[in-house]
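Since the structure is predicted, the reported quantities are computational estimates derived from the model, not experimental observations.
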Amino acid sequence: MRKKYSWTLDALAHQTHYSYSMIRSIEKGISNLDEEGRNQFAHLFDFPSFKNNMQEKEKLLAQINEIDFLHCSLQNEKRKELIDQILSDRFLIASFLFPQYLLIELYKLVCDEEDEKKIEELRSLIESGIEFYSSKELAIYYHLLGIHANDIDSETSYLLQAYFYDPNSFMINLHLSMNTYFRQKLTEALQYLNRCKSLVFQYGSYFRFIQLSLLEAQIRIDLGDYQSSLQCLNRILLEKSVLDSDLYESCLSLLAYGHFRKKDSLNALIYAQQALQTTSEKPFLYLIIIFSAFRLNDSCFYSFVYKAKDFLLDNKKMVNSFDELIPWSLLIDGIVAWYQSNYYLAIENFKESIKAFDMDPLRSWILECLIELSEKSENLEWALHYQKELTDLVQNQTLSDSV
């Protein structure tokens, strides 16, 4: 409150009977205030008094659990209403439930995707009183930080801390499954996903059930289990009438991806084109179309290339910030060079592009391409080098089995 009012320690000392050093020790948590002192500071910051409301803590904790439940079950409007209702009680700031008030405020900022500065200021406040939180609250806190994290290392660290405090949280296990999948720890991703599957029915969300099925299919495609993955995706596609547009598009995209990895170019091309027609354009779908057209020696190959290049030139069409970091043009140029039998140029383009795919499922596909191109250029040394990289990657993907 002092910082919010832009008061210095000296200014606050001047407004009270406390010394500069005493106020500083109170702020650091070294010294405590009696009831009279608490009320004096409450009045100073425009509160009628400091609320001794510890008896209401169980009710507030129940509301925090309800917010978490609403998040899991995708009842977003109800979640927002409950958060706003709690935060509208300004008097919680001047009370013993101030730590819980901050946690709910963080929930709102993260879910509303507020700017980094606001969240960082709130995080600093929470960290100063971290000992006031239960294990459940700590799990929620670190989970929110994981959702908001800007890099994969921070996200991983926060999510693992959240998991330590609540290993049975549906959302924490879901985000850890996504996180480990992105890092290509595939069997580990399945372990977190299996925990989600055991918890999902308590939330009664059809969207979550389908979301888990799609994620499992995606992981199993990268593990090479194409048959069960494609069967699962085709079963989901039969439920088209009850799928929303996002789930339907995701299912089509994964069918394209599954056939692409299975080297079934015809079906990969068909499903990728269908997916493009149902939603906003995605560079990955263009990549599948161009590579499939190359494998099929399709007469529309260059037409697909031109459409993809036009799309990539229009950055406003990029709906995913991750897509903006990927050198899609390099990959497309590599396929075009391959189509023209310019193997060395194709290798250079693929070699340059793979730098952006350290922890992405496309890395294994790029390595497969580099092996094939090296063999076509009769460079056995390169072929062996990329084969070793691919073998190491596959071992890394399934390492958690042995652990």
Please name the pair of heavy atoms, one in [X] and one in [Y], separated by the smallest distance, quoted to 0.1 Å.
X	Y	value
S169	L199	C-CD1, 4.1 Å
I290	F301	O-CE1, 3.5 Å
M171	C72	CG-SG, 3.2 Å
F69	Q75	CE2-NE2, 3.9 Å
K282	L276	N-CD2, 3.9 Å
L174	C196	N-SG, 3.1 Å

Side chains of [X] and [Y], heavy atoms from C-beta outward: is any pair under 4.5 Å?
X	Y	value
I366	L331	yes
L215	I219	yes
L254	I236	no
C232	E216	no
T278	S245	no

Query - Worked verdict on R123 versus E120 for salt bridge (Lys or Arg N to Asp or Glu O under 4.0 Å) - result: CA-CA 5 Å; R123 189 193 67 79; E120 183 58 28; 2.7 Å; yes
Out of curiosity, [X] [atom1] to [Y] [atom2], how far, rounded to the nearest 0.5 Å?
X	Y	atom1	atom2	value
L70	Q63	CG	CD	11.0 Å
L144	L122	CG	CG	10.0 Å
D166	K136	CG	NZ	4.5 Å
F164	S135	CZ	OG	8.0 Å
I326	F284	CD1	CZ	11.0 Å
I130	L138	CD1	CG	5.0 Å

Assess the pair [X] and [Y]: is the distance between their ring centroids shorter than 6.0 Å?
X	Y	value
F311	Y286	yes
F50	F96	yes
W365	F357	no

Query raised in the report: Of all residues at least two apart in sequence or in a different chain, which pass the salt bridge (Lys or Arg N to Asp or Glu O under 4.0 Å) check with K117?
Result: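 By the salt bridge (Lys or Arg N to Asp or Glu O under 4.0 Å) rule, K117 matches no residue at all.
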Exam field: side chain [X] to backbone [Y], donor-acceptor pair closer than 3.5 Å:
X	Y	answer
R195	F170	no
D225	I221	no
S177	A189	yes
S353	F350	yes
D10	Y20	no

Requested in this report: Taking atom types as modelled, find out whether Q395 and T391 have a side-chain donor-acceptor pair closer than 3.5 angstrom.
Outcome: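 No.
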Is there any side-chain hydrogen bond (donor to acceptor under 3.5 Å, both in side chains) pair reaching into [range], and which pairs are they, with sequence neighbours excluded?
range	result
residues 340-351	Y302-Q340
residues 140-160	E116-H148, E116-N150, E127-Y141, H143-H175, D151-S154, E155-N179, T156-N179, T156-R183
residues 41-60	N53-S95
residues 366-381	R295-E372

Query raised in the report: So does F209 have more than 12 non-hydrogen atoms from other groups sitting under 6.0 Å from CZ?
Result: no
Query raised in the report: Should we say atom CZ of F91 is surrounded by more than 12 heavy atoms from elsewhere, each under 6.0 Å from it?
Result: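 12 or below, so no.
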Report task. Tell me, with the steps shown, if K78 and E66 meet salt bridge (Lys or Arg N to Asp or Glu O under 4.0 Å). Result -> CA-CA 10 Å; K78 286 186 178 181; E66 186 177 355; over 6 Å; no
Requested in this report: Using the six-membered ring of Y226, assess whether NZ or CZ of R261 lies under 6.0 Å from its centre and within 45 degrees of the ring axis.
Outcome: no
Requested in this report: Mind checking side-chain contact (heavy atoms from CB on, under 4.5 Å) for F207 and listing every partner two or more places apart, or none if nothing turns up?
Outcome: L74, S205, Q211, D244, L247
Query raised in the report: Is there a side chain to side chain contact (heavy atoms under 4.5 Å, CB included) between L9 and E27 once you walk through the steps?
Result: CA-CA 10 Å; L9 285 165; E27 289 191 2; 3.8 Å; yes
Query raised in the report: For the residue pair W7 and Y5, does the interplanar ring angle fall in the parallel (under 30°), tilted (30 to 60°) or perpendicular (over 60°) class?
Result: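 Ring orientation of W7 relative to Y5: perpendicular.
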Requested in this report: Carefully, step by step, assess D333 and K309 under the rule side chain to side chain contact (heavy atoms under 4.5 Å, CB included).
Outcome: CA-CA 10 Å; D333 290 342; K309 289 284 189 176; 2.7 Å; yes
Could I get the full list of side chain to side chain donor-acceptor pair (under 3.5 Å) partners for [X], not counting sequence neighbours?
X	value
N65	none
N168	none
N76	R79
R235	none

**Report entry** side chain to side chain contact (heavy atoms under 4.5 Å, CB included) between L384 and K388, intermediate numbers included
**Finding:** CA-CA 6 Å; L384 290 172; K388 183 180 185 306; over 6 Å; no
**Report entry** Derivation of the side chain to side chain contact (heavy atoms under 4.5 Å, CB included) call for D84 and E81
**Finding:** CA-CA 5 Å; D84 289 341; E81 287 175 13; 6.0 Å; no
Requested in this report: Please assess E121 against K3 for the test salt bridge (Lys or Arg N to Asp or Glu O under 4.0 Å), listing each intermediate value before the final yes or no.
Outcome: CA-CA 11 Å; E121 287 174 354; K3 289 180 178 178; over 6 Å; no
Side-chain donor/acceptor pairs under 3.5 Å, residues 262-275, sequence neighbours excluded:
{"unit_1": "D264", "atom_1": "OD1", "unit_2": "N267", "atom_2": "N", "d": "3.4"}
{"unit_1": "D264", "atom_1": "OD2", "unit_2": "H259", "atom_2": "ND1", "d": "3.3"}
{"unit_1": "D264", "atom_1": "OD2", "unit_2": "N267", "atom_2": "ND2", "d": "2.8"}

Below 3.5 Å, can you tabulate the donor-acceptor pairs from side chains in residues 98-107 to any protein atom, sequence neighbours excluded?
{"unit_1": "Q100", "atom_1": "NE2", "unit_2": "E137", "atom_2": "OE2", "d": "2.9"}
{"unit_1": "Y101", "atom_1": "OH", "unit_2": "L87", "atom_2": "O", "d": "3.2"}
{"unit_1": "Y107", "atom_1": "OH", "unit_2": "D68", "atom_2": "OD1", "d": "3.0"}
{"unit_1": "Y107", "atom_1": "OH", "unit_2": "H71", "atom_2": "ND1", "d": "3.0"}

